[in-house]
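Each remark here refers to the structure printed beneath this line.
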Amino acid sequence: MNITFEAPDKVNGLLTITLGKDDYQGEVEKTLKDYRKRANVPGFRPGQVPMGIIKRQYGTAVKVDVVNKMLGEKLYGYIQEQKIQMLGEPLPNEGQEPQDLENGDELTFKFDIAVAPQFEAKLSGKDKVAYYNITVDDKLVDQQVEMYQNRAGQYEKVEQYDGEQRDMLKGDLRELGADGNAKEGGIEVADAVLMPQYMKVDEQKKLFDACKLGDVITWNPRKAYPESDVEVSSLLKIEKDQVKEHEGDFTFQVTEISRFTKAPVDQKLFDQAFGEGTVKDEKEFRQKISDMISQQFKTDSDYKFLLDVRAHMEKKVGKLQFPEELLKRVMKQNNKERKDVDEYVEKNFELSIKELGWHLIKEQLVAQQGIKVEDADLKAVAKEAARAQFAQYGMSNVPEEYLDNYADEMLKKRENVDGLVDRAVDVKLTAALKQVVKLDEKSISMEDFQKMLQEK
């Protein structure tokens, strides 16, 4: 057996494996003997079939299997032993001559190997990277307080409609004919719900101003929502394609008026938001909210920091040389099931190369910082993801045992694990690099921070 590897330009590699008959014949003979023991051929007792018949029936197939298995083992074994940093999978060389696997003794196989570019990515205290501290002002706290009040608020019955108060009307809808009377066989909807302040046309909206229980308002749903068949069909309980058949006037008799009232800022709200007895007064409530926002902002600041580290390192390392044509072949192979594979590769190749470059840089940074992801790191990241999901629904006081159970369920699903591993690496790498580089700390408002991200 002979294995050679060439990469004259450092990135386009050619690996050649030559197998002689002595390399594979022993395994072929052993496998054929095993076949003979199990072969069931009419006219012969088990295990007594002549080897000549076994070779004629199975010889070529066994040889192919043995050679393929040996090729795979030697190919990947050599790459590992020689520490070749391969990108993607080996591809058969396009100039490879066909091999006579049935009759040939010496077999030569050539593989194209995409090799990662050689470079050094290092950070030290001489490297200066921006770190943005997002300020928590009273406006942000006020918004969060109002959010808690709205979530804990409720509708109360009132006597008169006020559009400024987000009032909700319930009543009976009845379709009118051209003569202004109830249309025979027309649409009737009991307990229809309206919020006139969301109507698109002021003329229709004003018809409901200051209405009271029992009032009957004549109005036109089609005119109120001129561009939304969905709104009209939902209100009238009909299909969208039927809306054009019911574009006349309707009456709406008010049977109930409900007004949304925000919850007061009191002990009950404190307990709902953060658990019973955790917060004692409004000052503590606002401080707790401020701390919570600060923690959320830290995650955003760390995210931006890692983006800036990436930009800094890409500039510091410079343009990397990649075996582009070979990588396009690899990309096509990985997406061969797509009908538009050629267009897909051309459209996405540049972005793919950019992401690959950062992946290689990050690999070096992770190795330099000795970062390893343990089970505890995965659990912590999964819990934070669970905490963030609950927070989206205003649940900020979820007990630890529920977060633990939710995180455990996330980790049971294989499709979640890879993403959580990447997140855990990013968290640990960010924490480590903040201790390595010189931080150029800057205070910034949330609005300016978000604007900066959008511009990027």
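To the nearest 0.5 Å, atom OG of residue S290 and atom CD of residue Q295 are 12.0 Å apart. To the nearest 0.5 Å, atoms CG (D249) and NZ (K183) are separated by 11.5 Å. From L327, atom CG reaches atom CD of Q333 across 13.5 Å, with rounding to the nearest 0.5 Å. Between L420 atom CG and K383 atom NZ the span is 14.0 Å, to the nearest 0.5 Å.
K237 is linked by a side-chain hydrogen bond (donor to acceptor under 3.5 Å, both in side chains) to nothing, counting only residues two or more places apart in sequence or in another chain. In this structure, K315 has no side-chain hydrogen bond (donor to acceptor under 3.5 Å, both in side chains) partners at least two apart in sequence or on a different chain. Residues forming a side-chain hydrogen bond (donor to acceptor under 3.5 Å, both in side chains) with R286 (at least two apart in sequence, or on another chain): D142. Take Q165 and apply the side-chain hydrogen bond (donor to acceptor under 3.5 Å, both in side chains) test, not counting sequence neighbours, and it matches no residue.
No more than 12 heavy atoms of other residues, nucleotides or ligands shown are found within 6.0 angstrom of NZ on K223. Other residues, nucleotides and ligands contribute only 12 or fewer heavy atoms inside 6.0 Å of the OH atom of Y402. Atom OH of Y303 sits in a sparse spot, with 12 or fewer heavy atoms from other residues, nucleotides or ligands closer than 6.0 Å. Annotation: K316, atom NZ; neighbour count of heavy atoms from other residues, nucleotides and ligands within 6.0 Å is above 12. The neighbour count for E343 CD, taken as heavy atoms of other residues, nucleotides or ligands under 6.0 Å away, is above 12. For E164, the CD atom sits in a loose shell: 12 or fewer heavy atoms of surrounding residues, nucleotides or ligands are nearer than 6.0 Å.
The ring-ring contact (aromatic ring centres under 6.0 Å, His included) pairs that include a residue from residues 404-435 are F390-Y406, where partners are two or more places apart or lie in different chains. The list of side chain to side chain donor-acceptor pair (under 3.5 Å) pairs with a residue in residues 68-82, not counting sequence neighbours, reads Y76-E89.
For the pair L411 and A382, the tightest heavy-atom approach, listed with the atom from each and the gap, is CG-CB, 4.2 Å.
Applying the side-chain hydrogen bond (donor to acceptor under 3.5 Å, both in side chains) test between D229 and each of Q242, R222, K240 identifies R222 as the sole match.
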- Task: Begin with the C-alpha distance, continue with both residues' side-chain angles, and end with the deciding distance and a verdict on side-chain contact (heavy atoms from CB on, under 4.5 Å) for Q99 and F109.
- Result: CA-CA 8 Å; Q99 301 295 296; F109 301 91; 3.9 Å; yes
- Item | Verdict with supporting geometry, E159 and I257, side-chain contact (heavy atoms from CB on, under 4.5 Å) | CA-CA 7 Å; E159 298 294 319; I257 305 173; over 6 Å; no
- List the steps and the verdict of side chain to side chain donor-acceptor pair (under 3.5 Å) for E441 and N133. CA-CA 7 Å; E441 298 197 52; N133 294 301; 2.9 Å; yes
- Please test Y131 against D302 for side chain to side chain donor-acceptor pair (under 3.5 Å), starting from the C-alpha separation and ending with a verdict. CA-CA 8 Å; Y131 189 85; D302 285 352; 2.6 Å; yes
- Message: Show, in sequence, the C-alpha distance, side-chain angles and deciding distance for N348 and M331, and conclude whether the side-chain contact (heavy atoms from CB on, under 4.5 Å) test is met.
- Response: CA-CA 10 Å; N348 294 281; M331 198 171 173; 3.8 Å; yes
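Classification of the F270-F285 ring pair by plane angle, with boundaries at 30° and 60°, yields tilted.
A donor-acceptor distance shorter than 3.5 angstrom exists from the side chain of N220 to the backbone of G248, with no hydrogens or angles considered.
Between F252 and C211 there is no side-chain heavy-atom pair separated by less than 4.5 Å.
R329 has a carboxylate O that lies under 4.0 Å from a charged side-chain N of E94, or vice versa, which qualifies the two as a salt bridge. Taking the charged nitrogens against the carboxylate oxygens, D404 and K379 do have a contact shorter than 4.0 Å, which makes a salt bridge. Between D377 and K372 no salt bridge is recorded (no basic side-chain N to carboxylate O distance below 4.0 Å).
Judged by the 6.0 Å distance and 45° axis criteria, K304 is not positioned over the aromatic ring of F449.
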